[in-house]
There are 2 protein chains.
Amino acid sequence: MNIGQASDASGVSAKMIRYYEEIGLIRPMGRTGNNYRVYGDEEVHVLRFIKRARSLGFSLEETETLLKLWQDKERTSAAVKEVATSHISDLERRIAEMQGMVKTLKHLAHCCGGDNRPNCPILDDLAGDSSASGKSTKAKHHA
Amino acid sequence: MNIGQASDASGVSAKMIRYYEEIGLIRPMGRTGNNYRVYGDEEVHVLRFIKRARSLGFSLEETETLLKLWQDKERTSAAVKEVATSHISDLERRIAEMQGMVKTLKHLAHCCGGDNRPNCPILDDLAGDSSASGKSTKAKHHA
DNA sequence: GTGGAGCTTCCCATCATGGGAAGGTCAAGG
DNA sequence: CCTTGACCTTCCCATGATGGGAAGCTCCAC
């Protein structure tokens, strides 16, 4: 199997397969006389493992750890779980961070007329104008 | 004001201030005879604007758009709101993506003993082993 | 005048991926 | 046999936003 076929079979681009080899994530493949890389079912299986790990958001470094654990018959499931839970924490932290952004942005967007006038609480907020959260277009003291 | 003071006043690192200048996000600053950049309150204000936009997750490109709108007295709040809502959508998409990962990972982690045994449904899943979701360590038919 | 802090530019690294050029190879079909 | 097109190889560059660090200049205080 050439790299293109391995790519099709695994869903990993040929570019990435070469890259993974370069950084040592996968073993350098055997070559044919024409210097083409040769892949077998086992290699495709590894590539699919990597692809699945990546699709769950694991970094290549974490993926490498998981790959080694997978191939280590002496591993403990605790070691694997540790990698997973730590990744979950990281994802949750990032999710919370983005949710905070969304919350603020939605509030600002809600306060913004979205019309033809230039007055905009979103810009006021970005500009650090603390009087930005209330009514913005006019009527600072409507009473 | 030198770059270090502008950095302290704005919370943007000197490194980044130079970078923003290089990419045209901010105007090239005037220099003193010794070739030091000189900043005034207005520049610090711009830097703070950028920092705030970044903290809300806007890319530098979006930040540039917002900055131009801020400085354009003819802007419409609709234009600003458009940038914001589009960014909100992007954030929500990414949040949903990560939440999907978390959901899968939590399920797998829940199914994983996290003990001294090698058997691990997390690895089974990554390996594409479809029989991974059930009980894993033993007792496939405990009855 | 000396030391240290601060400024300048320039290059490199991150992380994962893609784009593209230049050149070798192979298979099919004229 | 030769061409054509698809495929492979390596090499370099780009992304986005940031930090690190080196080499060299300046400025201020002592």
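Values below: all heavy atoms of this structure, side chains included; hydrogens, waters and symmetry mates excluded. So that the names make sense, note that chain A is the first sequence line, chain B the second, and so on, each numbered from 1.
Computed from coordinates, the B/N2 CG to C/dT8 P distance equals 7 Å when rounded to whole Å. Atom-to-atom, NZ of A/K15 to C1' of D/dC12 comes out at 10 Å; the value is rounded to the nearest Å. Between B/M16 atom CE and D/dG19 atom P the separation is 6 Å, expressed in whole Å. Spacing between atom CD1 of A/I3 and atom C1' of C/dT25 amounts to 15 Å, rounded to whole angstrom units. To the nearest angstrom, C1' of D/dG19 lies 15 Å from CD1 of B/I17. The separation between A/E22 atom CD and D/dT9 atom C1' is 13 Å, rounded to whole Å. Remark: C1' of D/dC11 and CG of A/N35 are 14 Å apart, rounded to the nearest angstrom. Rounded to a whole Å, the CD atom of B/E64 is 12 Å from the P atom of D/dG16.
Taking both residues in full, the closest heavy atoms of A/A14 and A/S7 are given as N-OG, 3.6 Å, listed atom of the first, atom of the second, then distance.
Side-chain N/O atoms of A/Y20 include one lying less than 4.0 angstrom from OP1 or OP2 on C/dT17. Within the 4.0 Å cut-off from OP1 or OP2 of D/dC27, at least one side-chain nitrogen or oxygen of B/N34 is found. OP1 or OP2 of C/dT9 sits under 4.0 Å from a side-chain N or O of B/R31. Within the 4.0 Å cut-off from OP1 or OP2 of D/dG19, at least one side-chain nitrogen or oxygen of B/S13 is found. The phosphate of C/dC15 (OP1 or OP2) has no side-chain N or O of A/R54 nearer than 4.0 angstrom. Phosphate proximity of C/dC7 to B/R37: absent, as no side-chain N or O sits under 4.0 Å from OP1 or OP2. Between D/dT9 and A/R18, a contact under 4.0 Å exists linking OP1 or OP2 to a side-chain N or O.
Side-chain atoms of A/Y19 stay outside donor-acceptor range of the base of C/dG18, with no qualifying N/O pair under 3.5 Å.
Comment: B/R37 does not engage B/E43 in a salt bridge, judged by the lack of any side-chain N to carboxylate O separation of less than 4.0 angstrom.
Both B/G33 and B/S59 lie close to DNA chain D; mapped to their nearest nucleotides by heavy-atom distance, the more 5′-ward contact belongs to B/S59.
When distances are taken from the side chain of A/Y36 to each of C/dG18, D/dG19, D/dC7, the shortest belongs to D/dC7. Comparing D/dT18, D/dC7, C/dC7 by their closest approach to the side chain of B/L60 singles out D/dT18.
Counting heavy atoms from C-beta on, the side chains of A/I17 and A/I26 come closer than 4.5 Å. In this structure the side chain of A/M1 never reaches within 4.5 angstrom of the side chain of A/M29, judged on heavy atoms.
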Original post:
Hey, mind stepping through B/K68 and B/E64 against salt bridge (Lys or Arg N to Asp or Glu O under 4.0 Å) and telling me if it holds?
Top reply: CA-CA 6 Å; B/K68 281 178 181 158; B/E64 186 175 17; 3.6 Å; yes
